[in-house]
Asks: 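Input: one structure, supplied below.
Position 1 is the first residue of the sequence; numbering continues from there. One-based numbering, in listed order, for ligands and for the atoms of each.
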Amino acid sequence: MKKPDRVIIFDTTLRDGEQSPGATLNISEKLQVAKQLADLGVDVIEAGFPVSSPGDFEAVQRIAKEVKGPEICGLARAVKGDIDACWNAVKHAKKPRIHTFIATSDLHIERKLKMTRQQVLERAVDAVRYAKKHTDNVEFSPEDAVRSDLTYLCSVVEAVIDAGATTVNIPDTVGYSIPVEFGKIIRTLFERVVNIQRTVISVHCHNDLGLAVANSLAAVNAGARQVECTVNGIGERAGNAALEEVVMAVKTRKDLFQLITNIKTKEIAKSSRLVSKLTGMAVQPNKAIVGANAFSHSSGIHQDGVIKYRTTYEIMNPEDVGIEESTLLLTARSGRNGVNSRLKYLGYHIQAKELDKLFDRFKALADKKKYVFDDDLISLVDEGRSHVPELFALEYLNTSSGTGVVPTATIRLKKQGKTLQEAACGDGPVDAAYKAIDKIVNIGPKLIDYQLRAISSGKDAQGDVMVKVEHNGMVVSGKGASTDIIEASAKAYLNAMNKLSTAQKSQGKQIKEHI
Ligand code: KIV
Ligand code: ZN
């Protein structure tokens, strides 16, 4: 059987990607990224634009010397000085490549270069010929190809192939094209350029209309066999085609493309995190493949489906891109199956009856909190399993405090159908709440310890309060959790009171509560 064709992955994170505003990397950071790109299995690393600064030159040179595996490429305008600088930087690599370019759209030729089409064509050919003196591996890009006259573009491509370009890259420099059109441009080149089989056709798409990946894939469909892309899609303006999206589209839809890449997809998540960390460019949560939500399911119906059969709502296996597992985000929209499955994962095997009650508490918490995390769930289980009889149950709590305000609390407790209410002032809202509880419960223990910690993360995290109280030589602890820390404190104190009351009752002592 014929081996499937391969798409060459040309990574330009360190050149076009680094052109993103604010994404500047130092030499050691560039080396780290380049080594990770080699682990990722990219075929070509465009390491920089050597003539642009001594720092860029040194970075490209160090990468050429130290990074093994991929071809190391440098960018050069179609002028001798750039090409020489580029060669001096990349020549140390086992497989060096020179990438030279000049714009071919009339807009650029007339307004920017102030040249004629003929002059540009000749300059392109001269640049390729000159680069070929250094290495056989020469790539040429007609910048702004998409907005170039197609007949003229064909003649430039043909001429540079004749001059020896081993790769011809067709850039959508300003991200202007749409997939049908871009695919057609590539198809036209294959139809009209007579020597096209002597070169690899590459594409380089910008994302100004959010179509960089779609355009790249349309080009692949039309015969392009190199895609220029960046990790996380970073790059000039709206960025370049995202490497991870191109690669995973080709892999996931192999049925359509019948193509492979050399990328070790399990390295994708790690590469994304490294690039994001070093460039300081956060990845949007809903970003395809590498966003925090890319493998997170929030809706109850989806969670249920994924638990029953992963592919109901997942077209890729998260492990294939180096993410350990999909997350079923527990929210108010989650169902019992989602909650129970997470509990099982956490080691809790809950009977149906207990699950009913726990699910009610889960819903109440999820209404207050955006996400219910593992710690929250464990706390809900613990809360349900604490066998302290709830002699006094918290029904209502209202506190007021602030600068220049005397902290006060009003508490209403329920005890065997009776409602008991008290108010008190204190040193702070927690102290006031405890004093109001004391007035009702009438035990008056000594508070010997109070600890508050956040369960899980985020601004809406639950507060978990643990108290220790002492009464007549008996020390008991109490626990309470809530998204409101005053309520958590009151619950913890009441939990301790209930323990004390139960213990005193079993010792035959009556508690006189306020009525
Ligand atoms: O966007 C572009 O046209 C480029 C070229 C230098 C390939 O980055
Ligand atoms: Zn570009």
Side-chain angles (χ1 to χ4, degrees), residues 8-21 23 42-53 56 60 71-79 82-83 85-86 89-90 97-109 111-113 120 123-124 127-128 131 137-148 152-153 156-157 160 165-177 182 185-186 189 199-213 215-216 219 224 226-243 246 279 281:
I8 297 165
I9 298 298
F10 176 112
D11 180 277
T12 183
T13 306
L14 293 172
R15 199 278 296 168
D16 214 323
E18 215 237 355
Q19 283 173 223
S20 309
V42 306
D43 300 285
V44 188
I45 294 177
E46 187 167 52
F49 190 177
V51 85
S52 67
S53 74
D56 227 38
V60 178
E71 289 179 24
I72 307 299
C73 173
L75 185 67
R77 286 168 300 181
V79 290
D82 279 33
I83 293 169
C86 179
V90 298
R97 180 186 289 199
I98 297 172
H99 176 191
T100 185
F101 73 99
I102 189 164
T104 51
S105 67
D106 288 339
L107 185 66
H108 280 234
I109 292 175
R111 304 279 166 169
K112 184 182 84 177
L113 300 172
V120 165
R123 178 79 76 77
V128 171
N137 194 357
V138 175
E139 172 168 335
F140 174 79
S141 288
E143 193 193 5
D144 204 19
V146 160
R147 294 190 297 171
S148 304
Y152 173 64
L153 181 68
V156 173
V157 171
V160 293
T166 40
T167 302
V168 177
N169 177 47
I170 307 300
D172 182 11
T173 304
V174 289
Y176 180 69
S177 204
F182 197 55
I185 293 173
I186 302 300
L189 287 171
T199 199
V200 173
I201 291 295
S202 166
V203 287
H204 175 113
C205 298
H206 278 271
N207 205 30
D208 300 64
L209 293 174
L211 293 170
V213 170
N215 285 339
S216 306
Q226 174 176 289
V227 174
E228 302 200 354
C229 44
T230 59
V231 173
N232 297 339
I234 64 170
E236 190 77 38
R237 303 180 312 280
N240 290 67
L243 178 149
V246 171
T279 58
M281 293 186 73

Asks: Among the N, O or S atoms that D16 has, which is closest to the Zn ion (ligand 2)?
Replies: OD2
Asks: In the structure I gave you, are the side-chain heavy atoms of I9 and L243 within less than 4.5 Å of one another anywhere?
Replies: yes
Asks: Does any N or O atom in E228 lie less than 3.5 angstrom from one in ligand 1, N or O only?
Replies: no
Asks: Mark up the atoms of ligand 1 that fall under 4.0 Å of a heavy atom belonging to T173, in ascending order.
Replies: 1 (O), 2 (C), 3 (O)
Asks: Give a yes or no on whether a salt bridge exists between E143 and K112, defined as a side-chain N under 4.0 angstrom from a carboxylate O.
Replies: yes
Asks: Will you find, in the side chains of S202 and N169, an N or O donor that is under 3.5 Å from an N or O acceptor?
Replies: yes
Asks: Taking 4.0 angstrom as the limit and counting only heavy atoms of E143, give me the atoms of ligand 1 inside it, by number and element.
Replies: 3 (O)
Asks: Under 4.0 Å, heavy atoms only, figure out whether ligand 1 is touched by the backbone of D16, its side chain, both or neither.
Replies: side chain
Asks: N/O/S of E236 less than 2.8 Å from the Zn ion (ligand 2)?
Replies: no
Asks: Tell me the contacting part of R15 for ligand 1: side chain, backbone, both, or neither, using a 4.0 Å heavy-atom threshold, strictly below.
Replies: side chain
Asks: Below the 3.5 angstrom mark, is there an N/O of H204, backbone or side chain, next to an N/O of ligand 1?
Replies: yes
Asks: Any atoms of ligand 1 less than 4.0 Å from a non-hydrogen atom of H206? List them with their elements.
Replies: 1 (O)
